[in-house]
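Take a look at the structure below.
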Amino acid sequence: MADKNKDTLANLLNEDRSFPPHADFAAAANVKADAYEEAKNDRLAFWDKQAQRLDWTKKWDRVLDWSNAPFAEWFVGGELNVAYNCVDRHVEAGNGDRVALYWEGEPGDDRRITYNELSAEVNRAANTLTDFGIEAGDRVVIYMPMVPEAAIAMLACARIGAVHSVVFGGFSVDALSDRIQDAGAKMVITADGGFRKGKPSGLKETVDAAVERCDTIENVLVVQRTKQDVAWTSKDHWWHETVSNASSEHQPKSFDSEHPLFILYTSGTTGKPKGILHTSGGYLTQTSYTHHAVFDAKPDSDVFWCTADVGWVTGHSYIVYGPLSNGATQVMYEGTPDTPHKGRFWEIVDKYKVTTLYAAPTAIRTFMKWGDDIPAQYDLSSLRLLGSVGEPINPEAWMWYREKIGGGTAPIVDTWWQTETGSIMISPLPGETATKPGSAQVPLPGISIDVVDDDAKSVGAGGGGFLTIGEPWPSMLRGIWGDDERYKKTYWSRFENLYFAGDGAKRDDDGDLWLLGRVDDVMLVSGHNISTTEVESALVSHETVAEAAVVGASDPVTGQGIVAFVIPRGEADSSPEHLSELRNHVAQTLGPIAKPRQVMMVGELPKTRSGKIMRRLLRDIAEDRELGDVTTLQDSSVMSRIKEGLSTGSDE
Ligand code: 6R9
């Protein structure tokens, strides 16, 4: 480094707004300040207590075995059935008539499924899987649109101890067949297609092509959703001709707490996707507890809506396992937010009187761009709590969410976690924490997080560095499927005895945590490590900017220069004066070191299916290189549109 800058990651952004929960919310909150104290006094006793939220057929002997670190075992010796916990026990408790899922199709068709009905359908599906020869431990790949059968298929696997691996319904033949092969799956559950952007979008043909390359697949179960024409092979079976005719009686077996529950592939930054492995008892304990604590879940009055796709970990933990283990009533929506019109989400909130909405910053920024008048046309007064996940939420977008969606009163929980962590790790407690726009704030009770420098030393208030997790947690990944060495190397080798999450973070003067993006994306400008998040948030705080992505492009003078890609809020103004104003705005907000070398106006940004900006591809553009791997893009044609429409402003 050119100068003696000691900070691992610069801390540039200051935010002093803070919003305590209102008194009524605080008084009725599920979890209060004493939980932190309790967990601090005895972390394992705290998790022992949370595991009792579930019904176990055999009690565990030990809460944690960490003797084979970094391979954890939680609730050792305990046995349970995950699907029983998510379905049957609510029926047995007398809540069979409660709606489990309000499902809304994109074209406007809808279904309501009670816990009684969910139980019968999960049982039928479990019997069908067994008829197809699926046994405990076998892998089943689920490649589905957002229909109730996706959740039912997951629960049916869990019920018989089969390991599901959900693959995003938008992935290509290559991506699907790689995952089937890596998991050694015996069966695929899919659909003819799903409705997206106003038309049927086929899935079956992708499965056909993938299955041709995978001889481990014996049967393919197909839900009929769009009724489009599909090719048929001897391995194919319609859901409505098999599952619908199966018995609705099924006796659940108990499985070991450490029995594998699912594999979920994450792309990682490079190379072969990693099959993140999760097991049963610990995973369900923490998803159940966090849904209860972070979303203040009141199952007899709340309507919870997590807008994630089931193919993302967020859909696993906060559509399926967390909420259903708590007996929640939920909304599930098939389609895109702008079909048939841009008020679709708010129409759904209004229709089902949604109380708790959990969405990604990318969606919130898009709504902000579409304008305040759209949500204003709907009655959103049922909303009492809002959540955010997937990326840092810019303070400006946070304020908009609070004011325009939350009526200026609903608390916002900004929840940090990963596929690997299985459940939420850092978040405000909505009845306790005075929330700050843009900060995920504090580790949940029972979770130990630290921000450290290169030498693994805590950075303290005001410092920036690497986000790490100190102690094992119940829903942690148990490894990478088939590759123990890669697990150790990826997560446990950077710092001794610390899990390294790959994210940068800082602590503010109150000790609250601010996530700063992936450390791979950090920009090195004149010897200072500058996070993408802070520069992007500074840009979004300008009234003309809806969304921004910044990257470091190599620069002969400064090492790297900051190049910003900006989506305008209203009419695009790419005049040199305006672009220069944006650059100066960043310099004024964060200091001259963070001033972008160049600002480009774009119509869209390259994103993954869960809405994360793929900065690596923008770096290729900024450095005028050929594009790298684009297979995990949500929309693979976006890059050429961005390149065509570039309008640039800089001093040069
Ligand atoms: C749940 C999920 C994990 C990565 C994570 C981080 C980013 C997620 C965030 C956040 C800032 C938040 N991330 N939530 N960054 N604030 N509230 O997104 O899992 O798809 O595995 O991604 O997402 O960079 O490391 P996954």
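What's counted below: heavy atoms across the whole structure, side chains too, no hydrogens, waters or symmetry copies. Whatever order the structure lists them in is the order used to number ligands and atoms, beginning at 1.
- Partners of His278 by side-chain hydrogen bond (donor to acceptor under 3.5 Å, both in side chains), not counting sequence neighbours: none found.
- Contacts of ligand 1 (protein heavy-atom distance under 4.0 Å) are Trp312, Val313, Thr314, Val389, Gly390, Glu391, Pro392, Asp414, Thr415, Trp416, Trp417, Gln418, Thr419, Asp503, Leu515, Arg518, Lys612.
- By the side-chain contact (heavy atoms from CB on, under 4.5 Å) test, Asp174 pairs with Ser172, Arg213, sequence neighbours left out.
- For the 3.5 Å distance criterion, the side chains of Glu258 and Thr279 qualify, holding a donor opposite an acceptor.
- Less than 6.0 angstrom separates the ring centroid of Trp370 from the ring centroid of Phe367.
- Every residue two or more places apart in sequence or in another chain that forms a side-chain contact (heavy atoms from CB on, under 4.5 Å) with Asn11 is listed here: Lys506, Glu534.
- Taking the six-membered ring wherever Trp is involved, the centroid distance between the rings of Tyr265 and Trp481 does not fall below 6.0 Å.
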